[in-house]
2 protein chains.
Amino acid sequence: MKYNKDTSEKILENAFEEFGENGYSGARMQSIADRAGINKALLHYYYRSKDALFEIVMKKAFQLMVPRLMKTFDSDDSVCDSIEKFVEIYIETIMKHPQIPGFVIHEISTKPDRLVRLIQSTEINFDLLKQKIQNDMDEGKLVKMAPEQLIVNVMALCVFPFMAKPLVTGLLLDGDKKAYKQLIEDRKTEVASFIIRSIKIEESKS
Amino acid sequence: MKYNKDTSEKILENAFEEFGENGYSGARMQSIADRAGINKALLHYYYRSKDALFEIVMKKAFQLMVPRLMKTFDSDDSVCDSIEKFVEIYIETIMKHPQIPGFVIHEISTKPDRLVRLIQSTEINFDLLKQKIQNDMDEGKLVKMAPEQLIVNVMALCVFPFMAKPLVTGLLLDGDKKAYKQLIEDRKTEVASFIIRSIKIEESKS
DNA sequence: TTTTGGTTTAACTATTTGGTTAAAATTAAC
DNA sequence: GTTAATTTTAACCAAATAGTTAAACCAAAA
């Protein structure tokens with residue numbers, strides 16, 4: 001079997017777009033082929049089936065994100081410092097690859113178990129993360145709350161505005177795409193500020 | 001044309017489930033018919049087409065939510081008080097109808113314009129909402145931030161955990177569904193607390 | 001029992017979809 | 001120009017899908 005690397009990549013990129021926009025069942029192999037400027041037969045030559053292509057695309061999407069994100073919690077930084085870095089990197093990454101949330105959401109609906117397994121196969125260790133948060137709380141640096149709640153809140157604040165892009169743009173910003181872009185750009189710092197204002201216990205005066 | 005109200009409702013409920021779980025393109029008319037315990041021909045007799053059924057179901061989903069939610073911002077309450085009520089009612093409503101977020105997300109992907117128009121046709125007035133937030137900020141009750149950012153944050157914190165249910169359950173709670181239910185139940189108060197801690201400026205000592 | 005209201009059946013349709021195949025065509029490398 | 005590598009074509013397939021139709025059936029009401 002002979003393959004061309006450029007063609008292979010081009011298919012993946014366009015599948016990424018199609019699957020991210022339409023989900024697995026809504027995506028069309030013909031559409032992916034059209035986007036990539038190839039014919040459908042070549043698609044099957046390279047990736048065998050819709051499902052196989054989807055799996056590879058999903059894995060690649062996560063490879064874009066996880067290593068950089070893990071770095072932000074691997075250090076001895078405080079939780080607040082880690083959140084600042086995490087939020088900035090997360091939002092930046094999704095700005096570059098806005099299909100990722102769509103991907104995740106569609107996969108949540110259709111094959112949640114597969115998605116959970118995929119995430120678990122990455123370097124993310126949620127137990128360590130929870131422990132780190134609990135430590136900072138035990139040291140009186142953070143407001144007491146279930147670590148899970150904090151993790152959910154961070155993810156919610158990072159992800160949702162991307163998924164809700166048309167709503168945010170159409171309902172809050174009069175359809176102004178530049179304003180949306182600015183709102184997201186601002187969130188790189190504003191989300192972390194919002195969270196830290198809520199959870200950080202300032203050192204008491206002694 | 002003769003219709004039975006019970007049959008009509010039964011179809012809607014089951015369509016709600018099917019569309020909420022699988023999105024428009026993933027949902028199957030035969031599957032909806034199976035769920036409702038009828039045959040597919042009756043489905044078309046009652047609702048003509050997949051698209052027509054979907055529209056009616058979408059509208060009904062919003063009718064479940066919007067009036068109660070609007071009430072929380074229609075009063076002279078402070079923004080913080082309103083957020084408390086909003087979050088509680090929002091989370092309660094989605095706990096009763098967990099398909100709604102799935103619905104919204106799928107519609108965002110496929111027909112965002114339609115969704116924006118649908119929301120705009122409801123009683124929600126985002127300009128008034130933004131104004132109310134701005135007023136509380138101008139009066140020094142709230143931390144300065146773009147009202148849009150606050151609205152996005154509130155929605156994110158309310159909606160995301162429902163959409164991410166399998167991930168939250170599988171990654172943070174060891175697959176424990178009871179723990180997930182508890183986490184959501186707690187959020188009725190915790191989300192508002194989290195937000196208010198972040199935005200509320202306490203009255204200074206005089 | 002008859003009539004009316006509502007539902008099902010069974011067979012069908014046109015279209016779309018993911019996938020296949022071998023030969024022909026095109027491009028790239030030498 | 002020749003050979004190898006890659007892609008396209010064109011035709012096809014089976015299955016699935018939303019939707020259709022008229023007659024038959026069943027249940028409820030009179």
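Keep in mind that what you see is a predicted model, and the values were worked out from it rather than measured. Convention: sequence-line order gives letters A, B, ...; per-chain numbering from 1.
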Separation of [X] atom [atom1] from [N] atom [atom2], in whole Å?
| X | N | atom1 | atom2 | value |
| --- | --- | --- | --- | --- |
| B:Tyr3 | D:dA27 | OH | P | 22 Å |
| A:Asn4 | C:dA29 | CG | P | 9 Å |
| B:Leu43 | C:dT9 | CG | P | 14 Å |
| B:Asp51 | D:dG19 | CG | P | 8 Å |
| A:Lys5 | C:dA28 | NZ | P | 18 Å |
| A:Tyr45 | D:dT8 | OH | C1' | 13 Å |
| A:Arg28 | C:dG19 | CZ | P | 12 Å |
| B:Asp34 | C:dT8 | CG | C1' | 14 Å |

NA contact type, [X], heavy-atom cut-off 4.0 Å: base, sugar-phosphate, or nothing?
| X | value |
| --- | --- |
| B:Ala27 | sugar-phosphate |
| A:Tyr46 | sugar-phosphate |
| A:Asn39 | base |

Notebook entry, point to check: Does A:Thr7 reach the side chain of A:Tyr3, with side-chain heavy atoms less than 4.5 Å apart?
Noted result: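 A side-chain contact is absent here, since even the closest heavy-atom pair is not under 4.5 Å.
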
Item checked: Side chains of A:Lys85 and A:Asp81 in contact at under 4.5 Å (non-hydrogen atoms) ->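 The answer is no, as the side chains (C-beta and beyond) never meet within the 4.5 Å cut-off.
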
Notebook entry, point to check: Does A:Phe54 have its ring centroid less than 6.0 Å away from the ring centroid of A:Phe103?
Noted result: yes

Note to self: Taking the cut-offs as 6.0 angstrom to the six-membered ring centre and 45 degrees off its axis, would you call A:Lys50 and A:Tyr24 a cation-pi pair?
What the structure shows: yes

Notebook entry, point to check: Taking only N and O in the side chain of B:His44, is any of them less than 4.0 Å away from OP1 or OP2 of D:dT20?
Noted result: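 No, because none of the side-chain N or O atoms of B:His44 sits under 4.0 Å from OP1 or OP2 of D:dT20.
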
Next item on the list: Would you tell me if any nitrogen or oxygen in the side chain of B:Thr7 comes within less than 4.0 Å of OP1 or OP2 on C:dG6?
Entry: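 Result: no.
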
Item checked: Distance-only donor-acceptor test (3.5 Å): side chain B:Lys50, base D:dG19 -> no

Item checked: 5′-ward residue of the pair A:Gln30/A:Ala41 relative to DNA chain C ->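 This one resolves to A:Gln30.
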
Margin query: Could you report the tightest heavy-atom contact between B:Ser49 and B:Ala52, atom names first, then the distance?
Written below: OG-N, 3.1 Å

